[in-house]
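Below, chain A is the first sequence line, B the second, and so on; all start at residue 1.
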Amino acid sequence: MSNEQNNQKRPNPRVLSGFRDFLPAQMRVRQHVTAILRGVFERFGYEPLDTPTLEAIEVLQGKIGQDEKLLYRFTDLGGREVGMRYDLTIPLARVVAMHANDLVLPFKRYHMGPVWRADRPQRGRFREFWQCDADVVGTKSVIADAEGVAIYNAALSGCGFTDYAIRVNHRAVLTALAPYAGLPETDAVTLIRAIDKLDKIGPEGVKDEMMAHGIPEKAAERVLELVGITGSNDTVLAKLNGLLAEIPAAQAGLDDLAHLFDYAAALGVPEGKAVFFPALARGLDYYTGPVYETYVPEGGVGSLGGGGRYDNLIGTLGGRDLPATGISVGLERLLVVMEERGMAGATESVTQALVAILPNDDPLPALQLATELRIGGIRAEVTLDPKRNLMQQFQYAERKGIPWIVIAGSNERAAGTVTIRHLAFRDDRTYPRDQAVSALNHLISEWNTHVEVNPQKP
RNA sequence: GUGCCUCUAGCUCAAUCGGCAGAGCGCCGGCCUGUGGAGCCGGAUGUUACGGGUUCGAGCCCCGUGAGGCACCCCA
């Protein structure tokens, strides 16, 4: 086949809108962050779960309300109607319905994996993206809700964030808005949809939006006054208790939140990180109790994750009616913000040491040394093109982010030594050949300590 | 799925009224070097996102497609 024919037949390489390739440098960061999240989930005693990416369409349909149009669906070769999972919560509900007898309740699981939505892509919004969820099924305890907040706190601080906030609200507060403003319940969705934009368009914008949807000015002002209340959690709770005294369901919700904040503090959430935020809006068709979302200032991607209690969902898939609560961390948004802030470390290669082979030297001793390093637990690679001179090998290591280069050329062999050089520090050290592995292992752990103490690389 | 904006070298950006496609950084090749990040010499930087149209002539104007972004919608 000639090149011309080849070019004509070859399709333009491309990826679909909202889908992405992850090159090694990006994958290292993704794996770094998912490892942090996995560590947090497991530290709180959540067990891993995985489920198929495809589900029968009837499992996915009807549980996701308005977003059904965002479902990727197709007919498979056997004529079955199939959908790609839209979130990780529906699969959890299905697992609980199918395996209820095998699960110990409360069932605590975490699940990290891709989900698909045929949405219009934007910054931090993709058609294929990862969610990292932790949920508890089978308890109504507010401790479980507080645990969700505590997990968020541990996850975000574990990733290096310091300026995050976890906003907390309650379904009962949201549903109380309409009666509080003297409006019929049917206006609740309109009110919630509007106050959800408070951050973006401000109080005046929210008021305009409400009025544009037929809410009387007085009622809009009343709602805005309530959701605009700020202060310490105790202050806001007290004020809302007063304002919503006539609405028993709201009182119960506020009581939940009072406990939640106490529990969260005891679970290690620092003062000011879990904030009662009455303007936090979450979908009404889903959540039944406490709800929360995480924010970082100037993130530009909306919330980094959300969660809450959904006591009525599990039963809808045919299993026992079980209460549930949980969180979802948006890996992509986390990474967008981390990348923008230069927090996405882990720029080093997976390779810890390159074993150099000098030009015209025998490659076998280098291969043997690499083998020893690997047996010693060091991720090592060996120069694959020994015609490259030593400087080119340095440059290869530098460019790839390999921190160490190990040289055991003819000079070292004659002296019975190895030379270990740290690329960035330009630090040469000579060790006896038979101590190469232990010496490098020692240098690596020394370096890791240094990185932890001082994340700024030279 | 709707509306609007954007797309020039690997990256960041230029290109007067429609008149020869440019800079910096990076990259590639050669030479040299058992201890470097360089030097010297040389080179490509390119289907101006893609496909059409108008024009003597299109990076620039028009239409379509794709991708990215913003706002809806919704959400991670």
For [X], report the nucleic acid contact type (base, sugar-phosphate, nothing); a contact means any heavy atom under 4.0 Å.
{"X": "A:L423", "result": "base"}
{"X": "A:I407", "result": "base"}
{"X": "A:E412", "result": "base"}
{"X": "A:G18", "result": "sugar-phosphate"}
{"X": "A:G124", "result": "base"}
{"X": "A:G305", "result": "sugar-phosphate"}

Determine the interplanar angle of the [X] and [Y] rings, folded into 0 to 90°, and report it as parallel if under 30°, tilted if 30 to 60°, perpendicular if over 60°.
{"X": "A:F19", "Y": "A:Y72", "result": "perpendicular"}
{"X": "A:Y110", "Y": "A:F41", "result": "tilted"}
{"X": "A:Y152", "Y": "A:Y292", "result": "perpendicular"}

N or O in side chain of [X] less than 4.0 angstrom from [N] OP1/OP2:
{"X": "A:K197", "N": "B:rC73", "value": "yes"}
{"X": "A:R123", "N": "B:rC75", "value": "no"}
{"X": "A:Q122", "N": "B:rG68", "value": "no"}
{"X": "A:S410", "N": "B:rG34", "value": "no"}
{"X": "A:K200", "N": "B:rC72", "value": "yes"}
{"X": "A:R193", "N": "B:rC74", "value": "yes"}

Using whole Å, report how far [atom1] of [X] lies from [atom2] of [N].
{"X": "A:I201", "N": "B:rC72", "atom1": "CD1", "atom2": "P", "answer": "7 Å"}
{"X": "A:L156", "N": "B:rA76", "atom1": "CG", "atom2": "P", "answer": "15 Å"}
{"X": "A:R413", "N": "B:rG34", "atom1": "CZ", "atom2": "P", "answer": "16 Å"}
{"X": "A:Y86", "N": "B:rA76", "atom1": "OH", "atom2": "P", "answer": "7 Å"}
{"X": "A:D196", "N": "B:rA76", "atom1": "CG", "atom2": "C1'", "answer": "13 Å"}
{"X": "A:F126", "N": "B:rG68", "atom1": "CZ", "atom2": "P", "answer": "9 Å"}
{"X": "A:I327", "N": "B:rC75", "atom1": "CD1", "atom2": "C1'", "answer": "16 Å"}
{"X": "A:W116", "N": "B:rC74", "atom1": "CH2", "atom2": "C1'", "answer": "20 Å"}

Please give the nucleotide sitting opposite [N] as a Watson-Crick or G-U wobble pair, both distances under 3.5 Å, or none.
{"N": "B:rU35", "value": "none"}
{"N": "B:rC40", "value": "B:rG30"}
{"N": "B:rG24", "value": "B:rC11"}
{"N": "B:rU48", "value": "none"}
{"N": "B:rA58", "value": "none"}
{"N": "B:rC72", "value": "B:rG1"}

On RNA chain B, nearest-nucleotide positions of A:R125 versus A:R120: which is more 5'?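 Counting from the 5' end, the first nearest nucleotide belongs to A:R120.
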
Quick check on RNA chain B: between A:R333 and A:L390, whose nearest nucleotide comes earlier from the 5' end?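 Counting from the 5' end, the first nearest nucleotide belongs to A:L390.
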
Given B:rA76, B:rC74, B:rG34, which nucleotide is nearest the side-chain atoms of A:L358?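 Looking only at side-chain atoms, A:L358 lies closest to B:rG34.
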
Looking at B:rG34, B:rC73, B:rA76, which one has an atom nearest to any side-chain atom of A:N411?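 Selected nucleotide (nearest to the side chain): B:rG34.
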
If we take the [atom1] atom in both [N] and [M], what is their distance in whole Å?
{"N": "B:rA58", "M": "B:rU48", "atom1": "C1'", "value": "11 Å"}
{"N": "B:rG3", "M": "B:rG22", "atom1": "C1'", "value": "36 Å"}
{"N": "B:rG52", "M": "B:rA71", "atom1": "C1'", "value": "31 Å"}
{"N": "B:rG24", "M": "B:rA15", "atom1": "C1'", "value": "16 Å"}
{"N": "B:rC20", "M": "B:rC60", "atom1": "P", "value": "13 Å"}
{"N": "B:rA76", "M": "B:rA38", "atom1": "P", "value": "47 Å"}
{"N": "B:rG57", "M": "B:rC73", "atom1": "C1'", "value": "46 Å"}

Quick one: CZ on A:R333 to CZ on A:R125, what's the gap to the nearest 0.5 Å?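 If I round to the nearest 0.5 Å, the distance is 6.5 Å.
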
Quick one about A:T325 and A:D145 (side-chain donor to acceptor, distance below 3.5 Å, no hydrogens or angles considered), yes or no?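 Yes, a side-chain donor-acceptor pair sits under 3.5 Å.
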
Donor-acceptor side-chain pairing of A:T417 and A:E412 below 3.5 angstrom: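 Short answer, no.
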
Could you check whether the side chain of A:R117 and the base of B:rC75 have a donor-acceptor pair of N or O atoms closer than 3.5 Å, going by distance alone?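 Looking at the base of B:rC75, it does not pair with any donor or acceptor on the side chain of A:R117 (distance under 3.5 Å).
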
Going by an N to O cut-off under 4.0 Å, is there a salt bridge joining A:D187 and A:R193?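 No.
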
A:F107 and A:D135, any side-chain heavy atoms less than 4.5 Å apart: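 In short, these two side chains do not touch, never coming nearer than 4.5 Å.
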
